[in-house]
There are 2 protein chains.
Amino acid sequence: MKISTRGQYGVRAMIVLAQHEAEGPMSIKVIAAKQGLSHSYLEQLLAPLRRAGLVRSVRGPVGGYHLAARPEEITVGDILRVLEGPLAPVECVEEPSQGLCDYESACPARTVWAKIRDSVQEVVDSISLKDLVESSGQVEG
Amino acid sequence: MKISTRGQYGVRAMIVLAQHEAEGPMSIKVIAAKQGLSHSYLEQLLAPLRRAGLVRSVRGPVGGYHLAARPEEITVGDILRVLEGPLAPVECVEEPSQGLCDYESACPARTVWAKIRDSVQEVVDSISLKDLVESSGQVEG
DNA sequence: GATAAAACCGAGTGTATTTGTCGGGTTTAG
DNA sequence: CTAAACCCGACAAATACACTCGGTTTTATC
């Protein structure tokens, strides 16, 4: 039941972008330094986020990344789905619907997994980047 | 964000034990057959469940396992904590308290992880084996 | 136009975890 | 005494994770 570093770092990077939204594009180098992350690895996370339309990139010198929408329009769920895949604790309750367990059609355990899934989704979909930037005292740096 | 097969199989095995509670100890062989699991692997899951006091074993011929408490007293959370470890999406929000992130003391992302943790725990701690046995049509077999 | 900073891309790599298997030992009912 | 069951530790294949590396393309600035 762990979120991998992809999801963790991705959320942290997006928070940084939200915090410095007004300052124009921010380079991978700067984001990585602010969060103590590897440049190359962070690069691998921003690529899918860009393809998913959550951030936009500007190439060339003084380029970098900025949010593709306002902070209140981007949720933690959006980020985690891109970097972690389906937010379901087991395959058989992924959406769009995976098949039932092959062993028996009425699987009592399945209801548990579905409830966990719904519960997690409700949490992450209800938290926007704006919420996170506001709740934290504005971080300097 | 996945639950490993340990947790999945463990919950399924415990449901089987709850369903046949009245019939005396059930052997690993029978449980494994009912759920289509490997005998050896299931054996590895029942050992920690026994040490944690969730099941009791009876040795010798016609031995096997049975629940150590009534189905309404054993929750899915109890089972998952034994087989999956702490029910926290990232280390820094595990209980008893792990240290904060080493990078900055005020980590906005941390509040997200804590909410996910609480949400998952509330779900799994509120579902007992009794709930699962009742909700499913009584499975024959 | 040259330079350099930055995004972009794909492949590769070492480690850790997962998901089991296997073999042997111990307990115990019949 | 023996078979059935639990008990224990080693081991192995497969997968996922967490990066690293080298090179290409784009583009502001000198």
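Note that this is a predicted model, so its numbers are computed, not measured. Numbers restart at 1 for each chain; the letters A, B, ... are given by sequence-line order, proteins then strands.
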*Once you round it to whole Å, what is the distance between C1' of D/dC6 and CE of B/Met26?*
16 Å

_Just to be sure I understand the rule, does A/Ile28 reach a base, reach only the sugar-phosphate, or reach nothing, if contact means heavy atoms closer than 4.0 Å?_
sugar-phosphate

_A/Tyr65 OH - C/dA6 P separation (whole Å)_ = 13 Å

_Carboxylate-amine/guanidinium contact B/Lys2 A/Glu94, below 4.0 Å_ = yes

*NA contact type, B/Thr5, heavy-atom cut-off 4.0 Å: base, sugar-phosphate, or nothing?*
sugar-phosphate

*Has A/Ser57 got a side-chain N or O lying under 4.0 Å from the OP1 or OP2 atom of C/dC8?*
yes

_With a 4.0 Å limit, can you tell me whether B/Tyr41 has a side-chain N or O closer than that to the phosphate oxygens OP1/OP2 of C/dT18?_
no

*asked:* Whether the B/Ser27 and B/Tyr65 side chains hold a donor-acceptor pair (N or O, under 3.5 Å, no angle test) is what I'd like checked.
replied: no

_With a 4.0 Å cutoff (strictly under), does any side-chain N or O of B/Ser4 reach OP1 or OP2 of C/dT19?_
yes

*asked:* Please report the distance, rounded to the nearest Å, between CZ in B/Arg59 and C1' in D/dA3.
replied: 14 Å

*May I ask you to check whether B/Glu73 and B/Ser128 show a side-chain donor-acceptor distance below 3.5 Å?*
no

*Polar contact flag, side-chain donor to acceptor under 3.5 angstrom, A/Glu122-B/Ser119*: no

*Roughly how many Å is it from NZ in B/Lys2 to C1' in C/dT19, rounded to a whole number?*
17 Å

*State whether a side-chain donor-acceptor pair under 3.5 Å links B/Thr5 with B/Tyr41.*
yes

*Quick one: is A/Ser38 getting a side-chain N or O under 4.0 Å of the D/dT20 phosphate, OP1 or OP2?*
yes

_Length of the line joining B/Arg6:CZ and C/dG20:P, which is rounded to integer Å_ = 12 Å

_Applying a 4.0 Å non-hydrogen cut-off, can you work out what B/Arg51 is touching in the nucleic acid: base, sugar-phosphate, or nothing?_
sugar-phosphate

_Nucleotide D/dT26, atom P - distance to CZ of A/Arg50 in whole Å_ = 13 Å

_Euclidean distance, atom CD1 of residue A/Ile31 to atom P of C/dA6 [Å, nearest integer]_ = 12 Å

*Which sits closer to the 5' end of DNA chain D, A/His39 or A/Val62, going by the nucleotide each is nearest to?*
A/His39

_Please compare A/Gln44 and A/Gly64 by the position of their nearest nucleotide in DNA chain C and report the one closer to 5'._
A/Gly64

*asked:* I need the CD1-P distance between B/Ile3 and C/dT19, as an integer number of Å.
replied: 12 Å

